[in-house]
Protein chains: 2
Amino acid sequence: MEKNRENDVRLRLIRAGLCELEEHGVSDFSLRRVAAAAEVSCAAPYRHFKDKNELILAIIAHVRESWELLAKNIYEIYSDKKDRVVQLSVAAVRFWLANGNFRSVLLTGQSELDDPRRKELSKFDAPLTSALSEYTAEANKDKGELEFLVLSLTYGAVSLTVGGNISTEAAVENLRSALHSLL
Amino acid sequence: MEKNRENDVRLRLIRAGLCELEEHGVSDFSLRRVAAAAEVSCAAPYRHFKDKNELILAIIAHVRESWELLAKNIYEIYSDKKDRVVQLSVAAVRFWLANGNFRSVLLTGQSELDDPRRKELSKFDAPLTSALSEYTAEANKDKGELEFLVLSLTYGAVSLTVGGNISTEAAVENLRSALHSLL
DNA sequence: GACCGTATGTTAACACTGTTAACAACAGTT
DNA sequence: AACTGTTGTTAACAGTGTTAACATACGGTC
């Protein structure tokens, strides 16, 4: 019961923090506002997280879990190794674009001043790279070069959309056709 | 003399702000620290910039100028239209990677909460796209598709390097060969 | 030359932020 | 029953962006 209470507050903080991140972005992330939203005192977060940074880290880890769940689903749905790569790449773009202000954290790890864990957690290419290496093994293609191209196009599609050059759908369509002619 | 003084402080603030950005990143950007580094009082910046955000904007504009100068040089050095595209793309990657913590601002425009001007100023593809459209006109190639590929690979190379997947040199080398086989 | 408005700097204050210390309530252990 | 550790509170600290009130010097007008 008491252990539940603990997890309750911790989870509420993470959820409220996620909203805060979406609403105010990372540079205006207010720990006190998060605490207020979670209906606890402004010092309560320090019982669960060492730092404001540590809370943000936990939030990123939380989002990452949901991404890996999604990626796992996609991986299981598609049995063709080439399809997996294409679908995972497109899904990665969609997922990250859907995560609003979160993107600056996820894409760049915000800055290298922040501990590397943030950058590590922000990587969302693990499912993609493993699917890709399975494909290259099967198709007898050069892995190194292809990995650069696929990852680069994926990240690039995100950046391009964020930058306002193209719409999400245009990015996805371009990415899809590029990958198909590439693989 | 007095007009010089004005520009002096303004410029000193921008320069100090640039250092601050490199040292502390955008989320820890302290206006008071910048003012102290520029050896003025903490309220002085408000005589030259409406906001902390407006100062950051001015800093970005400042960096953008130097990028466009560099791009112009490259454009003039290389007369072959294809070479221009490749060199500009590589230079863009190098330039952005060299600008440290600045990247989060430049790449993503930090967040869409911030006024769109920041995002607009952060775009560094204008020289690249114009060189590219000159190339496609000359070589009779499809512009739309190629533009996505080139820009995507360029941005992607930056993201990939920032993410820690590959080194700068590996990214540049991969990018170069990809562009050569693409154009 | 005296006067005035404008531009640029200062200091002092405001509310807000992250963080910590001191304290209270409660669980489980011995 | 006494002790210990966990989780929450409130109160305080320094640092932040921002604004208001004041000071000073400059350029143009009578």
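Reminder, nothing fancy here: chain letters follow the sequence lines and each chain counts from 1. In what follows, every heavy atom counts, from backbone to side chain, and hydrogens, waters and symmetry copies are set aside.
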Subject >> Basic-acidic side-chain contact under 4.0 Å: B:Glu68, B:Arg64 >> reply: yes
Subject >> salt bridge (charged side-chain N to carboxylate O under 4.0 Å, His left out) partners of A:Glu145, counting only residues at least two apart >> reply: none
Original post:
What closest approach, in Å, do A:Asp28 and A:Arg33 show between heavy atoms, and which atom pair accounts for it?
Top reply: O-NH2, 2.8 Å
**OP:** At under 4.0 Å between heavy atoms, which parts of nucleotides 11-25 of chain D does protein reach? Answer with one letter per nucleotide, 5' to 3': B base, S sugar-phosphate only, - none.
**Re:** -B---BBBB-B----
Can you give the donor-acceptor pairs under 3.5 Å from side chains of residues 174-183 of chain A to other protein atoms, not counting sequence neighbours?
unit_1	atom_1	unit_2	atom_2	d
A:Asn174	ND2	A:Ala170	O	3.1
A:Ser177	OG	A:Asn174	O	3.2
A:His180	ND1	A:Arg176	O	3.3
A:Ser181	OG	A:Ser177	O	3.4
A:Ser181	OG	A:Ala178	O	3.1

**OP:** Could you check whether the rings of A:Trp67 and A:Phe95 sit parallel, tilted or perpendicular, using 30° and 60° as the cut-offs?
**Re:** tilted
